[in-house]
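In what follows, every chain begins at residue 1, and chains take the letters A, B, ... in the order their sequences are listed.
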Amino acid sequence: MTAGHTSYAEDFQAVQATLPGAGVPWLQQLRTAAMESFLDSGFPTPRTEDWKYTDLRSLTRRHYTPASRPRPDSITVPADAWWQDELQHRLVFIDGHFMPELCPLGPLLSGVTITSLARVLEQQPELLEHRLGHNTDLEQPGFNAFNTAFMRDGAYIRLGAGAVLEQPVHLLFIATGTNASLRPVRNMIVAGAHSHATVIESYVALNDAAGLTSAVTEISLETGAHIEHYKLEEESASASHIAGIYVTQDRDSRFDSHNIAQGGQLVRNDLQVALNGPGAATALNGLTITRGRQHVDNHTRVDHNAAQACSDEWYRGILDDRSRAVFNGRIVVHANAQQTVSHQHNHNLLLSGDAEVDAKPQLEINADDVQCTHGCTVGQLDEEALFYFRSRGVDATMARNLLVYAFAADVLERIRLQPVRRMLEQRLAGRFMETEVLDSLRDRLSG
Amino acid sequence: MNIAAGEMLAITGLQVAVEGKTILNSIDLKVRAGELHAIMGPNGSGKSTFAQVLAGRETYEVLQGSARFLGQDLLDLPPEERARRGLFLAFQYPVEIPGVSNIYFLKAALNAVRRHRGVDELDAMDFISLVKEKLAAMQMNEDLLYRSVNEGFSGGEKKRNEILQMMVLEPVLTILDETDSGLDIDALKVVADGVNSMRSPERAFIVVTHYQRLLNYIEPDYVHVLSGGRIARSGGPELAIELEQRGYGWLEPGEGAVP
């Protein structure tokens, strides 16, 4: 239990009546129960096994207050946050508040709903009654309960059976707040049978917006559905970002995740996928890039609950300065999950002697007819490769940058959405390259 | 200091240690433009150390002596400067670089060298046609260009790839470090043809090898035998043949060494 977390009871009392769906009994009950659970458990401490390597003191010694709705005319969204102007499906949230004024939605296919979660809670709460909180990890009530109590808004995406969205849906979350501002985000994606969509959650900061983002995304895939999900975290170097993505998959569905963490002072991502139907497949692709005193903790968990499901996980970390990263990848193959195929790879590159990574693959296999592998490495830049480059005339700095870039390349190459890939290449190039190298990178990637 | 006519490399009293252990004692060698020198010697004689120290490998410590390359103090230059001035080392064990395509590696290298020479970078079309021409000469598969540098290449493909790089970069001084080791006879001929196609009055070569076999295809002007960290004997091509027949044993330090 964390001292001071009980002070959130007052905030809850103060805002409760103003939260969306305040008059809906089941929701009120859900929030109250969540608040009670949070008051009971508090934020996790290092004594909680799953939080062993992540020191939350910088977060728990502050008190965060739910951010109020900013005036839309006070906001200038940085041009590169849009990264693709012509997108039709985009929802913009500022400090957790939906801002339709900043980006009107384009026309939608029939059978597709893309809207703000608050609107659904106000207008059709019954759509969410048996879904909200259904996927989240009940063993870890701390942040999830906190989020459920304070959740205000986020995206609601519902794809009817067979609906195929050609264009990606971009959920843009912009932080503008002060040190003390709390930005709760709650997203819900329900993909009907054989539907398909690509959803991007991107988190950016204006100026040096600090504060705390608490984000929970629940995703349900029905039979044969396919969701490609991107989480692009680029909060400011003084912000805290605690996020959970909870996925359930029915038979023959496919969930592809790309989890890219570059910003934030203290970042935690919980990504949990339950493969509940035979033939379900998931690919978890992750890239963490840290410097300064950043701390990024990725906890992934895949539950093989059904036979003949596949999971394929590729996480890479690049750490500089005194930054730290945690990778905890848990794969649980349950007793009935025969013919599971599961591969996990985690590779970390330390660019500084002071950087540190805690990597922990955990495989629990309770079935006998399975194919499971995992590999984990922590290393430094290959001196032999550096010398090889230099012996061909390439200077040491460029050689070093190219090798760092190359280390990230296999994650980038798995990103199918070209605008996202290009944006990330530029971000990475900006971080590790001199600008003149950018063009030649195109050649490298195109062959 | 005057540069003797056509003198490319002048090594005097070179003494080199690695991790505190002296590997090369006192090497003297002069290489003029147009010449091909073979450096032979048994395992552990310091052949590879010699090759690597010339290319600028930082794990080797030069204790004494000098090496001048085209009138410049070579040992003071970082490896990339040496390469840009026209020195090329074909590695005994070419390095695998996952994530960097072979074609990009070639291009980065060629651009670095061309910038140093003050010529424009090649445009994409000219570059690719240059590379494809050399690739054909080395009888290499085009898909090797688009794979990560040396990753998953066979031993022979790696060695051919070294010669391909040499042909693209057109160095003035090439050092081949046991390029022949592990090659079958066909690959050996291809590699030798690649080297021979580059021989000219302006260029010089130092061919480091354990066996005389390569020298059947690449004819040396001089043969030097390295033993115990010194050049124990120097001679013409006939010395290589003698070594093939008699082995290295008769050259152990103290026996017939050239002072």
- Message: At a 4.5 Å cut-off on heavy atoms, which part of A/Ala399 comes close to chain B: side chain, backbone, both, or neither?
- Response: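 It is neither, since no heavy atom gets under 4.5 Å.
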- Query: Which atoms of A/Asp410 come close to chain B, meaning under 4.5 Å heavy atom to heavy atom: side chain ones, backbone ones, both, or neither?
  - Reply: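 No part of A/Asp410 comes within 4.5 Å of chain B.
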Please classify the contact between [X] and chain A as side chain, backbone, both or neither, with a heavy-atom cut-off of under 4.5 Å.
{"X": "B/Glu81", "value": "neither"}
{"X": "B/Asn102", "value": "neither"}
{"X": "B/Arg57", "value": "both"}

What's the shortest heavy-atom distance between [X] and [Y], and which atoms?
{"X": "A/Ala406", "Y": "B/Pro98", "value": "CB-O, 3.5 Å"}
{"X": "A/Ala409", "Y": "B/Gly99", "value": "CB-O, 4.2 Å"}
{"X": "A/Ser391", "Y": "B/Phe91", "value": "OG-CE1, 3.4 Å"}
{"X": "B/Asn150", "Y": "A/Tyr388", "value": "ND2-OH, 3.3 Å"}
{"X": "B/Ala83", "Y": "A/Gly393", "value": "CB-N, 3.3 Å"}

Would the number of heavy atoms belonging to other residues, nucleotides or ligands and lying under 6.0 Å from [atom1] of [X] be above 12?
{"X": "A/Gln380", "atom1": "CD", "result": "no"}
{"X": "B/Glu19", "atom1": "CD", "result": "no"}
{"X": "A/Arg414", "atom1": "CZ", "result": "yes"}
{"X": "A/Arg293", "atom1": "CZ", "result": "no"}
{"X": "B/Asp120", "atom1": "CG", "result": "no"}

- Spell out, as yes or no, whether a donor-acceptor pair under 3.5 Å connects the side chain of A/Arg392 to the backbone of B/Arg84.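 Flag not set: sc A/Arg392 to bb B/Arg84 has no pair under 3.5 Å.
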Quick one, [X] and [Y] - any side-chain contact, counting heavy atoms below 4.5 Å?
{"X": "B/Tyr93", "Y": "A/Glu384", "result": "no"}
{"X": "A/Leu402", "Y": "B/Ile97", "result": "no"}
{"X": "B/Pro79", "Y": "A/Phe389", "result": "no"}

- B/Gln165, B/His116, B/Arg85: which one forms the most heavy-atom pairs within less than 4.5 Å of chain A?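 Heavy-atom pairs under 4.5 Å are most numerous for B/Gln165.
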